[in-house]
Amino acid sequence: MSIQFRKTTFWGVASDIKACPPSDRPEIVFSGKSNVGKSSLINALADNRKLARVSATPGKTRLVIYFNVDDKLYFADLPGYGYAKAPKDVKEKFNKLCDQYFVSGRKFSLVLHLMDIRHNPSSDDIKMLDFMNQSNIPYFVVFTKCDKLSRAQITRQIQQFSKVLDFHEDAHIYAVSADKKIGLDDLRSGIEEFLQDQLTE
Ligand SMILES: Nc1nc2c(ncn2[C@@H]2O[C@H](COP(=O)(O)OP(=O)(O)O)[C@@H](O)[C@H]2O)c(=O)[nH]1
Ligand SMILES: [Mg+2]
């Protein structure tokens with residue numbers, strides 16, 4: 001069976017955990033700090049520029065946004081953490097929702113943790129990776145905006161990150177560009193393969 005990523009539609013927004021859709025299919029969570037390229041990656045995977053609103057203003061995504069992928073799985077676009085510009089109370093609300101999501105016992109299949117290939121990991125990235133390692137949460141690491149560097153630089157950055165970050169041995173690592181459509185098929189296949197036993201039809 002294969003997933004038609006092009007058949008991705010907006011499902012809705014959840015302002016708290018109770019408003020999330022029923023856990024009736026595998027859920028893929030997009031995590032990573034604001035502006036790392038979560039919405040752009042969702043659009044790129046779905047090959048639909050208009051799907052998730054891509055925002056140039058950090059911290060605009062305030063809720064969990066759900067997408068229905070081919071009636072087979074959900075994409076969950078989590079509010080990014082580390083909002084440099086958001087007021088403190090807003091920041092706390094985002095973080096609370098984000099935390100709530102991960103400790104709610106809500107079933108999700110896989111986290112795609114996004115990091116900008118050009119930037120050093122933030123302390124939130126390190127915390128998130130530690131948390132997922134300790135909680136046995138399956139995740140892939142997705143380096144974004146790879147159009148900004150040469151192939152050699154990308155390889156060097158990934159080697160460097162792998163030295164300083166504690167990636168789980170099962171965590172696949174991808175280098176993508178939503179803008180230049182680099183690495184998208186690899187990521188789609190990785191998701192499909194990962195979900196093979198969880199998809200019913
Ligand atoms: N050069 C480049 N810019 C990107 C890429 N993906 C996203 N961006 C830009 O990064 C900014 C934030 O993207 P967005 O998807 O809204 O990030 P989000 O906050 O994580 O959802 C926007 O200005 C995008 O155009 C990419 O692959 N390459
Ligand atoms: Mg976004």
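In each ligand, atom 1 is the first atom listed, and ligand 1 is the first ligand listed.
Taking a cut-off of under 4.0 Å to the non-hydrogen atoms of K148, the atoms of ligand 1 that pass are 1 (N). For ligand 1, the atoms lying closer than 4.0 Å to a non-hydrogen atom of K38 are 15 (O), 17 (O), 18 (P), 20 (O), 21 (O). Counting atoms of ligand 1 from 1 in the listed order, those under 4.0 Å from a heavy atom of S40 are 6 (N), 7 (C), 13 (O), 14 (P), 15 (O), 24 (C). Every atom of ligand 1 with a heavy atom of S177 under 4.0 Å away is listed here by number and element: 27 (O).
Here D147 has side-chain heavy atoms under 4.0 Å from ligand 1, and that is the only part of it that gets that close. With a 4.0 Å heavy-atom cut-off, ligand 1 is reached by no atom of K180.
Residue contacts with ligand 1 do not include T144, since none of its heavy atoms lies under 4.0 Å from the ligand.
At a threshold of 4.5 Å between non-hydrogen side-chain atoms, the residues F67 and T9 do not count as touching.
Partners of D130 according to the side-chain hydrogen bond (donor to acceptor under 3.5 Å, both in side chains) rule, which considers only residues two or more places apart in sequence or in another chain, do not exist here.
Counting non-hydrogen atoms of neighbouring residues, nucleotides and ligands closer than 6.0 angstrom, the CZ atom of R106 exceeds 12 such neighbours.
Side-chain atoms of Q153 and S150 form a donor-acceptor pair, as typed in the model, at a separation below 3.5 Å.
We find the CE-OG distance between M115 and S31 to be 9.0 Å, quoted to the nearest 0.5 Å.
The distance criterion of under 3.5 Å between nitrogen or oxygen atoms is met by A178 with respect to ligand 1. Among the atoms of C146, none of the N or O lies under 3.5 angstrom from an N or O of ligand 1.
Salt bridge D47/K181: present, at least one basic N to carboxylate O contact under 4.0 Å.
For F140 and H172, the ring centers are positioned less than 6.0 Å apart.
Coordination check, S40 versus the Mg ion (ligand 2): failed, since every N/O/S atom of the residue sits at 2.8 Å or beyond.
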